A.B. asks: 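Dropping the structure in here first, questions after.
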Amino acid sequence: MRAQSSATTAPPIAVATSEPERPGCGTLQAALGVAAFSLTFPATAWGLEGFGPWSLVAVRSVLAAVIAGGCLLALRVPLPARRHWAGLAVVGAGVVLGFPLLTTLALETSTTAHAAVVVGLLPLTTALFSALRVGTRPSRTFWIAALAGAAAVLAFTVQQSGGALTTADLYLFAALLVCAAGYTEGGRLARIMPGWQVIGWALVLCLPLTVPVAALALAHEPVHLTGHSVTGLLWVTAGSQFVGLVVWYRGMAAIGIPKASQLQLAQPLLTLVWSVLLLGEHLTVAAPLTAAAVLVCIAVTQRSRG
């Protein structure tokens, strides 16, 4: 799940908290963010019906950057300090480019249900990157739960792939790593500036790359505009990569990260539901069971981190 773009899938781990507490409204906004991210993979599958993977990702990023840039201009947001641009580049590489591209390539041959289970491990991966980045020392319980969640996902992928990892699985595991790095750096920056500005500037920073890639991809990959493909593109552009992140960050600012993260636990299971309702996919028993096991592991790591 993207978040994401996806966001497009699990958002950064920290956020500015300058807004006043509004628990009811904050819970609703955080829940809307989770719902938006849970639709990322089904929307990507729809988008692939009419666009090639490179076209879909590049056009999505360009359009999201136009929306973000318009908001930044309209609100006269000043440029970030030069010392923050390296961090924004990491966010762009992981969240704007790496995760959407790798998951889109995976979804060419993988079902959204399978991808949702694997990417359900993202909160644990992000927590591990965060521990390395900020130098914290999680408890033994945290590490046991994290390793158990990773083992559950690895067993699921091997079982589903007939005893060996597929190319799609490799794409998904790589997506976990690059996205976790982007989320961790985004979480650090979100302590300094509002979270929506972090993703907004990251999108704008990627424009010199995404614009020419979009032009080249559209020239070489066939495009077939259908209701599904256009709807999928619009959703991953506005819903997953921008609006979903805006309401998610505002929700976290109002109710706090621990409460918001508990809502996020529902995201993989929601994606499984959308894969059945929107795509007509058939779920194996292993998919919801593995997703539930990963959610339990995530819950344990959240509690062990306080």
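Note that this is a predicted model, so its numbers are computed, not measured.
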A.B. asks: I want to check something: taking the side chain as every heavy atom from C-beta on, are T112 and W274 in contact at a cut-off of under 4.5 Å?
C.D. replies: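 No, their side chains stay 4.5 Å or more apart.
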
A.B. asks: Tell me if a side-chain donor or acceptor on T271 pairs with a main-chain N or O of S38 at a distance below 3.5 Å.
C.D. replies: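 Yes, because the side chain of T271 sits within donor-acceptor range (under 3.5 Å) of the backbone of S38.
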
A.B. asks: Following the transitive rule for hydrophobic clusters with a side-chain heavy-atom cut-off under 4.5 Å over Ile, Leu, Val, Met, Phe, Trp and Tyr, establish whether I144 and V296 coincide in one cluster.
C.D. replies: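 Cluster IDs for I144 and V296 differ.
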
A.B. asks: Going by heavy atoms in the side chains, are T111 and S275 under 4.5 Å from each other?
C.D. replies: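 Answer no - side chains too far apart.
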
A.B. asks: Please answer whether the main-chain N or O of V77 pairs with a side-chain N or O of Q197 as donor and acceptor at a distance below 3.5 Å.
C.D. replies: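 Pair absent, no side-chain N/O of Q197 close to backbone of V77.
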
A.B. asks: Should T104 and F51 be marked as a side-chain contact (heavy atoms from CB on, under 4.5 Å) after you check the CA-CA gap, both sets of side-chain angles, and the distance that decides it?
C.D. replies: CA-CA 11 Å; T104 299; F51 296 89; over 6 Å; no

A.B. asks: For T210 and C206, indicate whether the former's side chain and the latter's backbone hold a donor-acceptor pair under 3.5 Å.
C.D. replies: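 Indeed, once roles are kept as given, a pair shorter than 3.5 Å links the two residues.
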
A.B. asks: Ignoring hydrogens, what is the shortest heavy-atom contact between A36 and G244? Give both atom names and the distance.
C.D. replies: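 That would be CB-CA, 3.9 Å.
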
A.B. asks: If hydrophobic clusters are built from ILVMFWY residues whose side chains come within less than 4.5 Å, do L205 and L75 share one?
C.D. replies: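 Yes, it is one cluster - the side chains of L205 and L75 are joined through contacts under 4.5 Å.
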
A.B. asks: Can a donor-acceptor pair be found, under 3.5 Å and without considering hydrogens, that links the side chain of E185 to the backbone of V90?
C.D. replies: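 No, the answer is negative, given that no donor and acceptor are paired below the 3.5 Å cut-off.
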
A.B. asks: Over all heavy atoms of both residues, which pair between G232 and W46 is shortest? Give the atoms and the distance, please.
C.D. replies: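 Residues G232 and W46, closest heavy atoms: CA-CB, 4.2 Å.
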
A.B. asks: Output, in order, the C-alpha distance, side-chain angles, deciding distance and verdict of side-chain contact (heavy atoms from CB on, under 4.5 Å) for F156 and L289.
C.D. replies: CA-CA 10 Å; F156 171 79; L289 289 179; over 6 Å; no

A.B. asks: State, to 0.1 Å, how close Y171 and L102 come at their nearest heavy-atom pair, and which atoms those are.
C.D. replies: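 Nearest pair, atom of Y171 first, then L102: CB-O, 3.5 Å.
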
A.B. asks: If you take all heavy atoms of G92 and A202, which pair is closest and at what distance?
C.D. replies: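 Smallest interatomic distance, heavy atoms only, reads N-CB, 3.9 Å.
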
A.B. asks: Between L79 and L189, is there a shared hydrophobic cluster once you connect ILVMFWY residues whose side-chain heavy atoms come closer than 4.5 Å?
C.D. replies: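 Yes, L79 connects to L189 through the hydrophobic network.
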
A.B. asks: Spell out, yes or no, whether V59 and L216 are grouped together once hydrophobic residues are joined by side-chain heavy atoms under 4.5 Å, including indirect joins.
C.D. replies: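 Cluster IDs for V59 and L216 differ.
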
A.B. asks: Taking C-beta and beyond as the side chain, do L107 and L48 meet within less than 4.5 Å on heavy atoms?
C.D. replies: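 In contact.
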
A.B. asks: One pair to check against side-chain contact (heavy atoms from CB on, under 4.5 Å): F173 and V153. What are the steps and the verdict?
C.D. replies: CA-CA 10 Å; F173 283 119; V153 170; 4.2 Å; yes

A.B. asks: Do you know the tightest heavy-atom contact between V117 and A287?
C.D. replies: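 Where V117 meets A287 most closely, the heavy atoms are CG2-O, 3.6 Å.
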
A.B. asks: Check H224 against S229 and note the closest heavy-atom contact, atom names and distance.
C.D. replies: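 Distance-wise, the nearest heavy atoms are O-OG, 3.3 Å.
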
A.B. asks: Side chains of T226 and E49: is there a donor and an acceptor less than 3.5 Å apart?
C.D. replies: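 No donor-acceptor contact under 3.5 Å links the two side chains.
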
A.B. asks: Would W85 end up clustered with L97 when hydrophobic side chains under 4.5 Å apart are linked, directly or stepwise?
C.D. replies: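 Yes, W85 connects to L97 through the hydrophobic network.
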
A.B. asks: Between the side chains of S240 and T40, does any donor sit under 3.5 Å from an acceptor?
C.D. replies: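 On atom types as modelled, these side chains qualify, holding a pair under 3.5 Å.
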
A.B. asks: Dump the intermediate steps for side-chain contact (heavy atoms from CB on, under 4.5 Å) on V34 and L270, then the final yes or no.
C.D. replies: CA-CA 9 Å; V34 170; L270 281 175; 4.1 Å; yes

